[in-house]
Amino acid sequence: MNKVLMLLFVAGLAIIPLVSGDFYINLATQILIAAVFALSLNLLVGYGGLTSLGHVAFLGLSAYICAWTSTKLGVAPLVAIGLSLVITTIMSALFGLIALRATGLGFLMITLAISQVLWGLAYRWASVTNGDNGISGLTRPSLFGLSLDSASSFYWLTLIISIFAFILMAAFAMSAFGSSLQGTRDQARRMRALGYNVWLIRWITFIYSGFWAAVAGLLYVYYNKYIHPSALSVTASAEALLAVIAGGAGTLGGPIVGAALLVFLKNYASSFVERWNMLLGFIFVLIVLLMPDGIVPGVQRLIRRMRGAQS
Amino acid sequence: MQFWVVQGLNSLALGGLLFLLASGFSLIFGLMRLANLTHGAMFMLGAYIGAGLMRSVDGVSLWVAAIAGGLGVALFGWVLERFILRRLPDNPLGQVLVTLGVAFIIADACLLIWGGDPIPIPAPSYLARPLFVGGFAFPAYRLVVVLIALAAAAGLYVMIERTRLGAMIRAGVDDMQMARAVGIPVSRLFSIVFCLGAGIAGAGGVLAGPILSAYPGLDADMLPLALIVVILGGIGSLMGAFVGSFIIGIIYTFGTALLPDLAYIILFLPMIVVIAFRPQGLFGHVSA
Amino acid sequence: MSHATPALEIVGLNKVFGGLRATQDVNLHIVQGDRRLLIGPNGAGKTTLFNQITGDIIPTSGQIKLFGQDVSKLRPDQRAHLGLSRTYQIITLFPKNTILHNVALGLLGLSNERWNLFRPMARASHLHDEAQTILESVGLGAMSNKLVSQIAYGEKRRLEIALALAQKPKVLLLDEPLAGLSTQERLTVKNLIANIPKETTVVLIEHDMDTALDLAESVTLLHYGKVIVDGTREDVISDPRTREVYLGH
Amino acid sequence: MTISRRHLIQGAAGFASMAGLSAGVSTRALAQSAEPMRLGLLTVKTGPLASGGIDMERALTMFLKERNNELAGRKVELIVADTAGVPATARTKTQELVEKNKVHALVGPLAAFEALAIDDYLREVKIPTLSVAAAEDMTQRKPNPWFVRGTSSSAQCAHPMGEYCAKELGYKRMITIGDDIAFGQEMSAGFQRTFEDNGGKIVQKLFPPLTAPDYGTYVAQLKNDVDAIFLAFAGSNGFRFVRQLNEYGLLSKVKVVGGMTALDEAVLRNMGDEALGIITTCWYSADLNTPMNTKFATAFRDQFKYDPGFYAAGTYVEGQVLEAAMTATKGNVEDKEALMKALRAVKMETVRGPVRFDEFGNVVGDIYIRKVARKDGRLVNQVIKTYKDVSQFWTYDQKAFLAAPVYSRESPAAKFLEN
């Protein structure tokens with residue numbers, strides 16, 4: 001039953017370009033990109049109990065590497081993509097060594113600090129990053145001779161990559177390793193006594209999460225064909241974190257729902273509600289008051305209760 | 001010579017300003033284990049309340065405005081704690097969501113009420129002139145900020161170390177379960193401390209006004225600074241917040257002057273080093 | 001393994017917190033298969049000693065040896081892989097998960113499968129079968145699909161032990177396994193402990209002397225972090241220093 | 001108060017009639033058709049840049065209202081989008097205006113990085129865009145054929161200021177300090193070039209980060225053996241910097257001059273006597289004494305209780321330019337090539353004075369040197385000198401100018417820095 005629903009959902013996503021205009025297709029593409037990014041953050045926040053306020057470091061790093069190598073070094077798209085993924089993953093391993101010296105608020109701050117250092121570099125290291133002007137002029141590569149310039153073709157590619165990302169991140173969360181990870185979140189001390197190397201589990205998760213953030217970064221930069229230091233700002237990190245928490249941290253659907261909500265409010269509802277920032281704030285407060293674990297767990301509970309009432 | 005004297009005084013002034021910002025955050029975190037991400041917005045709200053008051057009512061002095069800003073934000077803090085945060089003990093992610101959400105609301109409300117242009121907060125006229133320190137001109141008001149920060153630190157120290165309320169706070173910081181067990185009214189204590197922390201932030205916003213002004217974005221500029229100070233000094237330690245403020249003041253002031261290329265990251269590098277090698281901060285006992 | 005090598009040996013162990021000496025020059029020699037009871041008033045440093053044996057706390061000086069191997073520099077998880085296991089005085093379980101999953105985590109910890117990033121945990125049926133067997137053995141088999149947050153306190157105590165037993169420990173540290181239990185429950189848990197295989201070495205902290213002394217073969221009395229008396233059950237009970245520590249001067 | 005002024009697209013009918021149009025339809029028929037011209041405004045209404053963004057919306061709304069929402073006989077429907085000052089959002093909002101609202105032309109965006117973020121998209125969808133964003137290369141080395149700028153490039157106003165400081169004020173040694181973004185760097189570079197070409201020396205260049213919490217540490221670094229300081233700040237930063245100079249007692253010791261946004265009318269109204277006498281350069285002043293501007297500035301002041309500044313006047317000018325171009329095309333906005341051609345061919349009198357455009361779509365117009373003075377109790381930027389017909393290339397040879405790298409922190413090199 002659940003599988004049928006999932007397939008229907010994916011089929012529904014796949015036909016969006018056939019039934020709507022470019023604007024909505026682009027909106028859907030952005031939701032998918034934000035969802036991949038939120039899912040990667042969710043591995044840390046939801047499953048690992050490690051609240052990061054600097055996850056854009058990896059999205060931004062991979063986007064900048066791709067834009068820089070493509071436009072300034074002129075390397076082929078596949079090489080640029082490969083370099084972005086490899087370098088970002090290596091950097092996440094290095095940053096993980098530093099960040100995982102702390103947990104809790106310390107971890108939050110150190111991830112914030114790392115992303116702020118990268119943000120500062122993006123502004124200041126203008127010979128590479130163009131500083132405040134950002135890097136423009138990136139073109140989308142073609143795939144097996146198919147151009148990705150149209151909104152719908154890029155959407156479909158994004159959809160396929162997002163589905164892959166979702167499957168691989170879901171498998172990670174539900175694997176034996178994922179169980180261990182959740183154990184370290186809930187009872188780190190006991191996990192050590194049970195023979196788990198808690199630090200190593202967290203570090204591997206940090207790297208895996210960094211890799212998927214890099215994938216989101218590539219989608220982001222090819223979608224926008226432009227990268228600017230604001231992609232590395234605290235606000236961007238906070239938005240992703242809020243998406244994860246609002247949707248439901250530690251659930252597979254939560255980050256997707258949260259990302260959709262945030263992208264929708266920011267880019268669409270803002271056309272009708274002048275004070276959309278305030279609306280966003282009120283929605284967050286309401287979510288916390290009504291569904292303290294986030295939307296997905298909250299709705300699940302509601303459905304269970306309604307079913308219970310019927311029987 | 002002039003460089004060192006003036007920048008030294010600048011470090012102190014920035015340190016004093018940071019203490020007014022961070023002490024409330026530290027107090028709240030120490031007792032409630034709550035990272036109040038609304039803190040920057042509360043600081044800004046205080047600044048706007050003060051600026052609005054001084055602008056619309058003639059003859060209101062900075063000191064009266066600071067008290068008004070402090071009380072106004074404390075009241076706001078009371079509502080926030082009483083009706084929202086109280087429902088979220090042991091839900092750190094929910095706390096992150098709600099405190100950031102409220103920060104969004106405050107920021108947008110300030111923009112709506114006071115507009116997008118910066119509003120100056122004048123220093124009292126007798127402090128608006130520069131003072132000559134060893135032959136070098138230095139703004140008199142900035143020196144007063146250092147004095148205010150010292151007085152606030154002393155006041156908080158006395159409150160925490162010498163009063164009944166302080167004793168209860170210390171008990172709660174050390175061991176919450178024990179405090180509950182011996183009959184300390186923990187939820188009332190939380191309300192009081194949250195109000196107090198919010199009030200200090202609000203008053204701090206007004207007192208920082210003659211230096212920073214009230215402008216949109218002040219909240220986002222200040223929140224990371226509060227976090228840096230508290231992390232560096234040690235979470236929940238008043239002493240840590242105090243020393244942390246002045247260390248950051250020195251690092252920032254001399255760092256940007258001597259190593260201008262590092263201006264963007266000068267605040268974050270020391271923090272990374274401190275957390276990496278001393279996760280509990282310079283003065284903290286508990287790990288961050 | 002020769003009987004000359006003790007299962008757990010502690011040599012000259014010291015731990016200083018600030019000015020407080022929580023462990024003072026402790027030497028212990030526990031042979032394989034022993035049932036050792038650690039007693040002492042509150043604050044005698046019993047749990048602190050456990051925490052140093054498991055590696056949760058790093059001693060200021062001294063050595064801890066498992067079957068002759070110095071483990072003082074090893075992490076807690078590495079010691080677990082050498083056959084060390086423990087329970088906690090304050091219930092330390094995974095409250096969001098089922099009882100079965102709790103025990104399965106205990107099994108997984110020593111299996112290389114824990115590094116499998118993609119095979120679903122739900123499909124690890126052998127782990128779940130084995131966990132079910134262990135739960136049957138502690139009398140929790142019928143409720144294996146309940147969440148930890150839904151079961152009674154006494155059941156949690158038994159689950160604590162089941163989780164440790166899942167590791168098939170060679171040395172098992174039990175920290176007040178009877179704390180907070182009713183008379184009836186005490187009896188159940190006591191039987192559970194009594195039925196632990198003989199080759200497992202058990203070190204036990206317990207305040208309930210009536211029950212604990214029945215289980216113990218040897219006893220160590222700690223006071224202010226120091227070993228006061230150490231010997232067979234009968235020796236320690238009859239020693240005047242024991243009386244002094246417990247009854248005052 | 002939270003009701004949006006934006007309009008939803010009018011429904012499928014509008015869409016169908018749009019699709020049915022072809023380039024061959026006579027312009028007269030178009031002008032009479034019921035189909036309104038849809039104009040998108042990309043502005044910033046939330047976050048730190050909102051001050052200028054709100055002014056942009058106010059000015060454009062006022063401009064259209066004065067004309068009864070009709071330009072060149074064609075009804076105009078204004079659709080306002082809030083980019084929040086974030087490049088990625090600016091892109092989405094542009095797409096929304098183009099794809100969902102089917103706008104015929106755009107006014108905005110506000111910031112240079114927003115303009116750069118939508119640069120390739122504008123080329124792709126070919127939408128005539130009238131921007132106030134000052135990025136040099138948008139109209140120089142990488143000109144966008146769909147871009148018209150009626151305000152100025154970053155350095156366009158700084159060029160005459162450099163000459164003015166060296167020649168008229170007789171300054172020999174100066175400091176530049178400005179925001180560490182392209183805008184501040186380009187302005188400083190342009191000022192430095194003409195100042196040094198006229199015999200001056202820039203002995204110190206400072207670029208505080210946008211997020212600097214406090215300028216105290218920069219104020220203390222300023223060399224004191226200079227004639228004046230040039231401010232290349234945007235938004236409220238110039239205001240904060242001048243207040244802090246005053247705090248340190250330096251305002252009475254060293255002369256301060258500024259670029260086009262250092263002491264804009266928007267911040268001037270919150271300043272006191274400390275601002276008196278400061279000289280800045282801009283393509284506009286609310287105090288500009290022409291009948292057209294007096295009418296505009298008075299009306300704006302009556303309605304909003306403050307003087308129009310850079311963003312308000314700039315957007316109003318864009319409105320005037322658009323109207324002139326539409327008059328030339330007889331209201332045809334569907335033929336974008338024609339509209340674009342008409343836009344760049346505009347030569348007219350506006351509230352800022354006479355404007356025309358160069359081949360890159362950048363304005364050629366008067367630049368004013370202004371001095372802060374008190375008038376009727378409020379502070380104004382009083383015009384003290386006018387440079388006529390200033391182009392973005394100043395008096396330099398266009399080819400040589402474009403062959404050199406774009407203005408930046410390092411370019412052109414500062415030869416006289418002292419440390």
Side-chain angles (χ1 to χ4, degrees), chain A residues 45-46 49 51 53-54 95 97-110 112-125 229 233-235 238-239 241-242 244-246 248-250 258 274-289 291-294, chain B residues 29 33-35 37 41 80 83-85 87-88 90-109 111-112 220 223-224 227-228 230-232 235-236 260-281 284 286-288:
Chain A
V45 177
T51 312
L53 196 51
F95 291 156
L97 289 179
I98 305 169
L100 287 171
R101 297 197 54 103
T103 54
L105 190 64
F107 180 82
L108 182 140
M109 283 308 299
I110 208 158
L112 170 67
I114 288 169
S115 75
Q116 283 287 287
V117 168
L118 289 182
W119 175 85
L121 278 178
Y123 255 110
R124 189 62 193 82
W125 195 10
S233 67
V234 191
T235 324
E239 277 173 5
L241 181 60
L242 294 176
V244 170
I245 303 174
E274 184 134 338
R275 303 259 57 95
W276 59 275
N277 253 339
M278 206 183 279
L279 177 71
L280 200 60
F282 276 115
I283 288 176
F284 289 150
V285 173
L286 270 183
I287 289 174
V288 171
L289 289 181
M291 300 178 273
D293 312 332
Chain B
F29 190 90
R33 298 279 125 185
L34 166 83
L37 301 178
L80 179 60
F83 294 102
I84 300 179
L85 292 175
R87 297 168 182 228
L88 302 169
D90 309 318
N91 181 357
L93 291 180
Q95 292 169 350
V96 168
L97 189 62
V98 95
T99 52
L100 275 179
V102 171
F104 279 28
I105 297 173
I106 294 179
D108 218 29
L111 189 64
L112 188 69
L223 180 63
L227 288 166
I228 290 170
V230 169
I231 288 287
L232 192 73
I235 289 169
D261 284 346
L262 296 182
Y264 285 95
I265 55 181
I266 197 83
L267 285 176
F268 293 99
L269 285 180
M271 196 176 81
I272 292 175
V273 173
V274 167
I275 300 181
F277 294 99
R278 201 179 149 80
Q280 70 271 44
V286 277
S287 163

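So that the names make sense, note that chain A is the first sequence line, chain B the second, and so on, each numbered from 1.
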Using side-chain heavy atoms (C-beta onward) and a distance below 4.5 Å, is Val117(A) in contact with Ile272(B)?
yes

Less than 4.5 Å to any heavy atom of chain B: does that hold for the side chain of [X], its backbone, both, or neither?
| X | result |
| --- | --- |
| Ile287(A) | side chain |
| Trp119(A) | side chain |
| Leu241(A) | side chain |

What are the two closest non-hydrogen atoms of Leu232(B) and Val274(B), and how far apart are they?
CD1-CG2, 3.1 Å

If you count heavy-atom pairs within less than 4.5 Å of chain B, which of [options] leads?
| options | value |
| --- | --- |
| Leu286(A), Leu242(A), Val244(A) | Leu242(A) |
| Ala238(A), Gly46(A), Ala246(A), Ala113(A) | Ala113(A) |
| Ile98(A), Thr235(A), Leu289(A) | Leu289(A) |
| Ala99(A), Pro292(A), Gly49(A) | Pro292(A) |

Given a strict heavy-atom distance threshold of 4.5 Å, which part of [X] is in contact with chain A: side chain, backbone, both, or neither?
| X | value |
| --- | --- |
| Leu262(B) | neither |
| Phe29(B) | side chain |
| Leu100(B) | side chain |

Any side-chain to backbone donor/acceptor pair from [X] onto [Y]? Under 3.5 Å, distance only.
| X | Y | answer |
| --- | --- | --- |
| Gln95(B) | Leu88(B) | yes |
| Arg101(A) | Leu97(A) | no |
| Asn277(A) | Ile105(B) | no |

From Thr99(B) atom OG1 to Leu34(B) atom CG, the distance as rounded to the nearest 0.5 Å:
6.5 Å

By ring pair (Phe, Tyr, Trp, His ring centres under 6.0 Å), which residues pair with Phe284(A), not counting sequence neighbours?
none

